[in-house]
There are 2 protein chains.
Amino acid sequence: MQTAPSPSEMAILKVLWHHGPQSAREVQDQIGAAQDWSYSTTRTLLTRMAEKGLIAREAVHGLAVFTATYSKAKVLSAMVRTFSAQVFDLDAPIAASAFAESPLLSADDLAELEGLLNEPTSQGEGA
Amino acid sequence: MQTAPSPSEMAILKVLWHHGPQSAREVQDQIGAAQDWSYSTTRTLLTRMAEKGLIAREAVHGLAVFTATYSKAKVLSAMVRTFSAQVFDLDAPIAASAFAESPLLSADDLAELEGLLNEPTSQGEGA
DNA sequence: ATAACATTGCTACAGATGTAACACGCTCGC
DNA sequence: GCGAGCGTGTTACATCTGTAGCAATGTTAT
């Protein structure tokens, strides 16, 4: 996960986390409208994300279906770490409770996030 | 402050916040080495930031000196807002106390940040 | 004066990101 | 069998960001 997801990529990851593996068309139906992306744009993003390893592409009966490679907690914790280091020069972990209100996180997600944020050097492998 | 500062730009802003108005050479002496930037690179960043309005350029006896346009709290609060919205779909404010440990923030800075984070739509004008 | 050095403006180029069109082949309904 | 539609690969282009060199001008010490 060397390359942090861009805002557009995050939007797609959220759809995949929430709805599970999706085809390009499905992703487009879920966010294309909201994001005002053309189907082509959605497909380009999906392709690039697959190249980067952010998502995995698999063919189901010939149809390309995409799955998030990393768990929500994993990606979010990495992003929080990057953010706090880059913006606040913070090394110590941030309390996950700060994000407790996120509509993205269930109690379990939050607990997982908390755990990842408290890990020393983020070398954890869990997906 | 429409455009959020990039990581490199943040590095420069931090120098200006901490040491006050600086010339390109001074900025370079403060972070060029650490960031491994050539003097040219530092200057390019400074020029672009001035174009964007992130910093102001003024001539002091013919020497170009740069000053941060927005206060630390102002920029940091904007970045926190953007981050929590983009990454966590959060609308409600995040407790500034999450960043209390930041070596960048004095007690006053923290209080100011807290205030800005709690403002409704971030239309505040204070600099 | 002049050589050395600093400061500035201009230019360059690669990679990342946003945004999208185009053409080709396959399939399904008629 | 054939055209409409769908999924796919390929290509394109503008902007932003990272990174930096070059030439000209201004300044300064000897």
Side-chain angles (χ1 to χ4, degrees), chain A residues 1-16 21-67 75 78-79 82-83 85-87, chain B residues 1-15 21-67 75 78-79 82-83 86-87:
Chain A
M1 199 165 28
Q2 12 294 34
T3 325
S6 72
S8 303
E9 293 173 338
M10 271 304 291
I12 287 183
L13 285 178
K14 285 175 190 169
V15 171
L16 297 183
Q22 305 268 294
S23 68
R25 180 65 57 187
E26 288 169 326
V27 171
Q28 170 66 8
D29 289 345
Q30 310 251 7
I31 53 168
Q35 298 282 327
D36 197 38
W37 291 337
S38 76
Y39 178 50
S40 267
T41 298
T42 300
R43 276 179 20 80
T44 298
L45 289 173
L46 250 6
T47 300
R48 288 182 183 166
M49 289 173 77
E51 277 165 11
K52 288 187 193 173
L54 279 175
I55 57 180
R57 173 186 188 144
E58 49 183 318
V60 176
H61 301 300
L63 212 207
V65 167
F66 303 88
T67 314
V75 172
M79 292 189 78
T82 299
F83 180 79
Q86 207 148 67
V87 177
Chain B
M1 200 164 30
Q2 12 293 36
T3 326
S6 73
S8 303
E9 293 172 337
M10 271 303 291
I12 287 182
L13 285 178
K14 285 175 190 169
V15 170
Q22 305 269 293
S23 68
R25 179 65 57 187
E26 288 170 326
V27 171
Q28 170 66 7
D29 289 344
Q30 310 251 8
I31 53 169
Q35 299 282 329
D36 198 37
W37 291 338
S38 76
Y39 179 51
S40 267
T41 298
T42 299
R43 275 180 26 79
T44 299
L45 290 173
L46 250 6
T47 300
R48 288 183 184 165
M49 288 172 77
E51 275 165 13
K52 289 187 193 173
L54 279 175
I55 57 180
R57 173 186 186 144
E58 48 184 319
V60 175
H61 299 300
L63 214 208
V65 167
F66 302 88
T67 314
V75 172
M79 293 189 78
T82 300
F83 180 79
Q86 207 148 65
V87 177

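Computed over heavy atoms, backbone and side chain alike; hydrogens, waters and symmetry mates excluded. Because the structure is predicted, anything quoted here is derived from the model rather than measured.
What separates CD of A:Glu51 from P of C:dG15 is a distance of 14 Å, to the nearest Å. When the C1' atom of C:dA12 is taken as reference, atom CZ of B:Arg43 falls 15 Å away, rounded to whole Å. Between the CD1 atom of A:Ile31 and the C1' atom of C:dG18 there is a distance of 14 Å, given to the nearest Å. In this structure, B:Glu26 atom CD and C:dA6 atom P are separated by 14 Å, rounded to whole Å. A straight line from CD of B:Glu58 to C1' of C:dT7 spans 17 Å, rounded to a whole angstrom. Rounding to whole angstrom units, OH of residue A:Tyr39 and C1' of C:dG18 are separated by 18 Å. Counting to the nearest Å, the C1' atom of C:dA12 and the CZ atom of B:Arg48 are 11 Å from each other. Rounding to whole angstrom units, NE2 of residue A:His61 and C1' of C:dC26 are separated by 17 Å.
Looking only at side-chain heavy atoms (C-beta outward), A:Pro5 and A:Lys52 stay at 4.5 Å or farther from each other. At a threshold of 4.5 Å between non-hydrogen side-chain atoms, the residues A:Met10 and A:Val75 count as touching. Side chains of A:Arg43 and A:Ser40 form no contact here, defined as non-hydrogen atoms less than 4.5 Å apart. The side-chain heavy atoms of B:Ile12 and B:Phe66, taken from C-beta on, include no pair separated by under 4.5 Å.
The CZ atom of A:Arg57 sits 13.5 Å away from the CE atom of A:Met49 when rounded to the nearest 0.5 Å. Note that CG of B:Leu54 and CG of B:Leu45 are 11.0 Å apart. Values are rounded to the nearest 0.5 Å. If you take OG1 on A:Thr67 and CD on A:Gln22, they are separated by 9.5 Å, rounding to the nearest 0.5 Å.
A:Thr44 comes within 4.0 angstrom of a base, heavy atoms only. Within the nucleic acid shown, A:Ala24 has no heavy atom closer than 4.0 Å to any nucleic acid atom.
Residue A:Ser23 is the one, among B:Trp37 and A:Ser23, whose nearest nucleotide of DNA chain D lies closer to the 5' end (criterion: closest heavy atom). Along DNA chain D, the nucleotide nearest B:Ser40 and the nucleotide nearest B:Lys52 are compared for position; the residue whose nucleotide lies closer to the 5' end is B:Lys52.
With a heavy-atom cut-off of 4.0 Å to chain A, the contacted part of DNA chain D has its first and last nucleotide at D:dG7 to D:dA12.
For B:Arg57 and C:dG9, the shortest distance from a side-chain N or O to OP1 or OP2 is below 4.0 Å. Using a 4.0 Å cut-off, some side-chain N or O of A:Ser6 falls inside it from OP1 or OP2 of C:dG18. Contact annotation: A:Ser8 side-chain N/O to C:dG18 OP1/OP2 distance is under 4.0 Å.
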